Amino acid sequence: MSFSIERYKEESKKVDVTGVAWSDVTTYPLSKGDLFCLHYMMDIENHVPLYLSHLLVTRACMDPILTAFLACWNYEELWHGENLGRLLNLYGIEFDTQERIANVRANLGFQNSFSILSTMTGSWLLKDFSAVYLTIGAINELSTLTGYGALIRKSGHPVLKDLLGRIIKDERRHFAFYFNSAKEWLAGNERAQKIDRWMLNRVWVPVGQGVKKQEEVDALAVYLFDDEQGEEELLDLDARIGKLPGLSGIKLMSKALYAARERVRRNPGWAWRLIESEEWAVRPPEAVTGR
Ligand SMILES: [Fe+2]
Ligand SMILES: [Fe+2]
């Protein structure tokens, strides 16, 4: 798996949706689980600029290759969110995209600023901290494209399959960048490998957690991955991350699935009640309701 920043800069563009059969979106049904995942994924794609604000305060951003990548990457992610929103709107789910994005951000409050400050401090205190967020970038991109693949399989919706297939191609390039950059940083650097492994085992959370609550993250995990194939895919994902220097045998996504399963086992209504209630589709911001 190779990655050329020069080629990426030349070729980066918004996802091409020419020929997507938008008029057929309502011809095929989407289950409540599919819709739950689409809302979650759209919100997280739309959250990328705030995630970027974290990356930009780290000292890894002294590297012009990283900033060139981030400039293009952020633009591509924008169009993933836009197109998922478009599909939901065409399916008949009404929301104003700008309002929804603003609501998701309003819910974060102090937590976002605190998180930026701790990332900045960690990065400036520990040179090898860069390895951690490059690895997290790789895991996030790989989880995202694995999640899209699982949603294609679960939904069996041909228009969604076409759209997500195109988005997945972008996510593969993003993964290649983060993975190769992390590998470069970690290779022959035992101290960075130790920090990376230690941090991942303690502070890593699945993509979207923090913006979404634990139960929402669990709902996505059990809907998409709680079957034999899903579990297999998450074990493969962990194995690919385990190929990074110093991360052999690490278990992250599969561990998150097992923890989600355990919470569902202990509380049978857990996670599924969110999918069933459809509150996620209409929920107003907590900052407004004071919840
Ligand atoms: Fe994306
Ligand atoms: Fe991505």
Side-chain angles (χ1 to χ4, degrees), residues 1-5 7-9 11-17 20 34 36-56 58 60-61 65-89 97 100-101 104-105 132-152 155 159-183 204-212 216-217 220-221 224 233-234 237 240-241 244 252-253:
M1 185 178 53
S2 63
F3 184 91
S4 153
I5 189 66
R7 204 170 135 200
Y8 182 62
K9 281 196 291 192
E11 293 180 357
S12 171
K13 58 177 175 17
K14 67 178 176 184
V15 61
D16 184 3
V17 292
V20 169
D34 301 331
F36 176 87
C37 293
L38 280 168
H39 280 81
Y40 183 114
M41 290 160 163
M42 171 185 68
D43 288 343
I44 301 310
E45 291 281 11
N46 286 332
H47 198 68
V48 164
L50 264 77
Y51 180 60
L52 175 64
S53 68
H54 286 67
L55 297 176
L56 290 175
T58 64
C61 282
I65 294 178
L66 179 65
T67 46
F69 170 79
L70 293 177
C72 303
W73 165 79
N74 185 44
Y75 180 70
E76 291 181 2
E77 300 291 16
L78 172 85
W79 290 101
H80 298 171
E82 290 280 332
N83 281 294
L84 294 178
R86 181 177 176 186
L87 188 135
L88 282 170
N89 285 155
T97 301
R100 187 168 175 102
I101 295 172
V104 169
R105 292 177 190 175
V132 180
Y133 45 77
L134 291 172
T135 309
I136 288 178
I139 302 168
N140 285 353
E141 298 292 346
L142 190 54
S143 324
T144 304
L145 74 92
T146 307
Y148 287 153
L151 184 56
I152 288 174
S155 70
V159 185
L160 183 58
K161 178 182 178 185
D162 184 12
L163 175 63
L164 291 180
R166 298 174 194 225
I167 293 177
I168 284 173
K169 285 186 188 151
D170 284 353
E171 309 294 13
R172 281 214 184 94
R173 277 192 295 273
H174 301 165
F175 169 65
F177 171 81
Y178 281 114
F179 186 88
N180 288 341
S181 306
K183 191 168 157 190
W204 172 85
V205 289
V207 61
Q209 188 160 341
V211 179
K212 299 287 179 184
E216 294 172 297
V217 180
L220 186 95
L224 291 179
E233 284 172 0
L234 295 189
L237 190 160
R240 287 183 79 180
I241 297 302
L244 284 170
L252 298 167
M253 283 300 287

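Keep in mind that this is a model prediction, so the values were computed, not measured. Just so you know, ligand 1 is whichever comes first in the structure, and atom 1 is the first atom listed for that ligand.
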Next on the checklist: Using 2.8 Å as the threshold, say whether any N, O or S atom from E171 sits that close to the Fe ion (ligand 2).
Outcome noted: yes
Checklist entry - Run the side chain to side chain contact (heavy atoms under 4.5 Å, CB included) check on Y8 and I65 step by step: do they pass? => result CA-CA 11 Å; Y8 182 62; I65 294 178; over 6 Å; no
Item to check | Trace of the side chain to side chain contact (heavy atoms under 4.5 Å, CB included) decision for L84 with I167 | outcome: CA-CA 10 Å; L84 294 178; I167 293 177; 4.3 Å; yes
Checklist entry - Considering only heavy atoms from C-beta outward, does the side chain of Y51 approach that of E77 to under 4.5 Å? => result no
Checklist entry - Okay, side chain of R166, backbone of D16: is any donor-acceptor separation there less than 3.5 Å? => result yes
Next on the checklist: Is H80 close enough to the Fe ion (ligand 2) that one of its N, O or S atoms comes in under 2.8 Å?
Outcome noted: no
Item to check | Which N, O or S atom of H174 lies nearest to the Fe ion (ligand 2), by name | outcome: ND1
Item to check | Donor on one side chain, acceptor on other, Y75 and S12, under 3.5 Å | outcome: no
Checklist outcome for this item: the Fe ion (ligand 2) -> E141, closest N, O or S atom is OE1
Checklist entry - Taking the Fe ion (ligand 1) as the vertex, how big is the angle to OE1 in E77 and OE2 in E45, rounded to 10°? => result 140°
